[in-house]
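Values below: every heavy atom of this structure, side chains too, minus hydrogens, waters and symmetry copies. Both counts, for ligands and for their atoms, begin at 1 and track the order of listing.
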Amino acid sequence: MQHLLSSWPQFSGRLKSQKLLLCLDYDGTLTPIVATPGDAVFSEAGRQVLTSLVSLPGILVSVVSGRGVADVKNRVGVGGILYSGNHGLEADGPRASWVHPESWLLRKRMAPLAASLRRGMSAFRGVIVEDKGLTVSVHYRNAEPRELPRAQKVFYKLVDRAVKMGHCVIRQGRKVWEIHPPFDWGKDAFVSKLYHEEAARQGFNLIPIYFGDDRTDEGAFRVVAGRGIAVKVGSSNGNSQALYFLKEPREVLECLRKIRGLRVA
Ligand SMILES: [Mg+2]
């Protein structure tokens with residue numbers, strides 16, 4: 001994997017002149033990972049650079065998060081961005097809002113599951129159950145390390161029936177168990193849909209760029225890798241579909257400033 005900022009000269013020509021689809025994850029990408037997800041506050045500096053990017057012609061900015069769409073929209077707080085929440089199951093943006101056609105069924109199934117997890121996991125200090133309507137996240141970053149094996153056992157017991165009935169699947173994120181829909185739809189499918197819609201509108205020389213830090217971003221890396229730039233935030237280690245990396249969210253903002261600099265020059 002190459003460091004994106006160090007490889008910058010090889011991209012600057014294309015990034016200066018071609019149309020861009022700029023996709024960004026939120027937690028761990030635009031903001032540093034924090035102990036409690038509710039505390040992940042977007043910086044004013046970040047808000048400024050996104051605000052100036054969305055005002056430029058030929059750039060569509062999309063924030064693609066595992067959070068609920070209203071939550072991520074509220075946290076970023078910049079108009080003109082296409083926000084997607086629940087790992088691509090819903091979107092809200094300048095042109096239209098969208099939800100996955102099966103979301104009514106998901107809502108119906110996730111609600112009792114979230115309620116039972118909230119009850120069952122309340123025995124473990126530091127474990128947070130986040131009901132996002134279409135998916136549920138169980139964060140264990142702040143759990144007592146010695147209680148973790150038992151918390152994991154209880155978690156899998158509580159979701160076992162729903163998993164066996166084919167109502168959901170479990171995905172592992174960064175210190176979080178994610179309860180996802182059983183069908184194949186995630187950030188990858190959303191980014192692919194978005195890319196094809198935008199390319200049909202703007203022309204197929206559109207360059208997709210995706211910044212993300214987590215396993216749930218890997219599919220989206222694969223979608224953009226052949227056509228644009230996939231950037232893993234956090235580390236150059238480990239198996240990733242991304243060919244480029246940045247060390248931390250601060251470098252993501254630096255990169256966004258460089259893109260803005262190229263486009264206004
Ligand atoms: Mg993330």
Side-chain angles (χ1 to χ4, degrees), residues 1 4 21-43 46-47 49-50 61-78 81-92 128-142 170-180 185-192 194 208-225 229-256:
M1 248 194 248
L4 183 64
L21 171 61
L22 209 52
C23 300
L24 299 135
D25 167 49
Y26 182 74
D27 294 270
T29 299
L30 282 175
T31 56
I33 293 288
V34 290
T36 308
D39 295 341
V41 174
F42 192 40
S43 66
R47 202 163 282 127
V49 65
L50 285 187
V61 180
S62 181
V63 175
V64 186
S65 174
R67 290 177 182 264
V69 72
D71 181 18
V72 71
K73 186 177 181 182
N74 193 31
R75 279 171 194 277
V76 175
V78 174
I81 289 181
L82 177 65
Y83 291 96
S84 174
N86 270 305
H87 303 273
L89 286 165
E90 52 181 357
D92 186 5
I128 302 165
V129 177
E130 190 188 0
D131 178 5
K132 298 177 290 185
L134 301 176
T135 66
V136 181
S137 296
V138 179
H139 303 270
Y140 57 85
R141 184 171 297 274
N142 298 332
I170 311 303
R171 299 244 166 86
Q172 177 71 55
R174 284 174 83 174
K175 307 273 185 194
V176 56
W177 297 303
E178 308 261 19
I179 304 171
H180 282 229
W185 188 273
K187 288 181 171 187
D188 51 346
F190 178 79
V191 170
S192 176
L194 180 59
I209 310 175
Y210 188 99
F211 297 84
D213 70 305
D214 207 345
R215 287 187 213 177
T216 52
D217 297 304
E218 286 294 329
F221 290 152
R222 203 165 40 240
V223 169
V224 307
I229 312 168
V231 189
K232 168 91 189 274
V233 181
S235 155
S236 59
N237 301 323
N239 284 334
S240 177
Q241 301 286 331
L243 295 178
Y244 296 89
F245 79 98
L246 289 170
K247 286 180 211 144
E248 51 184 345
R250 206 175 42 82
E251 286 196 341
V252 175
L253 296 189
E254 194 182 332
C255 201
L256 296 178

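When atom types are taken as modelled, the side chain of Arg47 and the backbone of Val76 share a donor-acceptor pair closer than 3.5 angstrom. No side-chain donor-acceptor contact under 3.5 Å links Trp177 to the backbone of Arg171.
Protein-derived N/O/S atoms nearer than 2.8 Å to the Mg ion (ligand 1) total 3, waters excluded.
Of the N and O atoms on the side chains of Thr216 and Glu178, not one donor lies less than 3.5 Å from an acceptor on the other residue.
Ring orientation note: the planes of Phe221 and Tyr210 are nearly perpendicular, at an angle over 60° on the 30°/60° scale.
The only option from Asp25, Asp27, Asp131 that meets the salt bridge (Lys or Arg N to Asp or Glu O under 4.0 Å) definition with Arg67 turns out to be Asp27.
Atom NZ of Lys187 is separated from atom CG of Leu89 by 11.5 Å, given to the nearest 0.5 angstrom.
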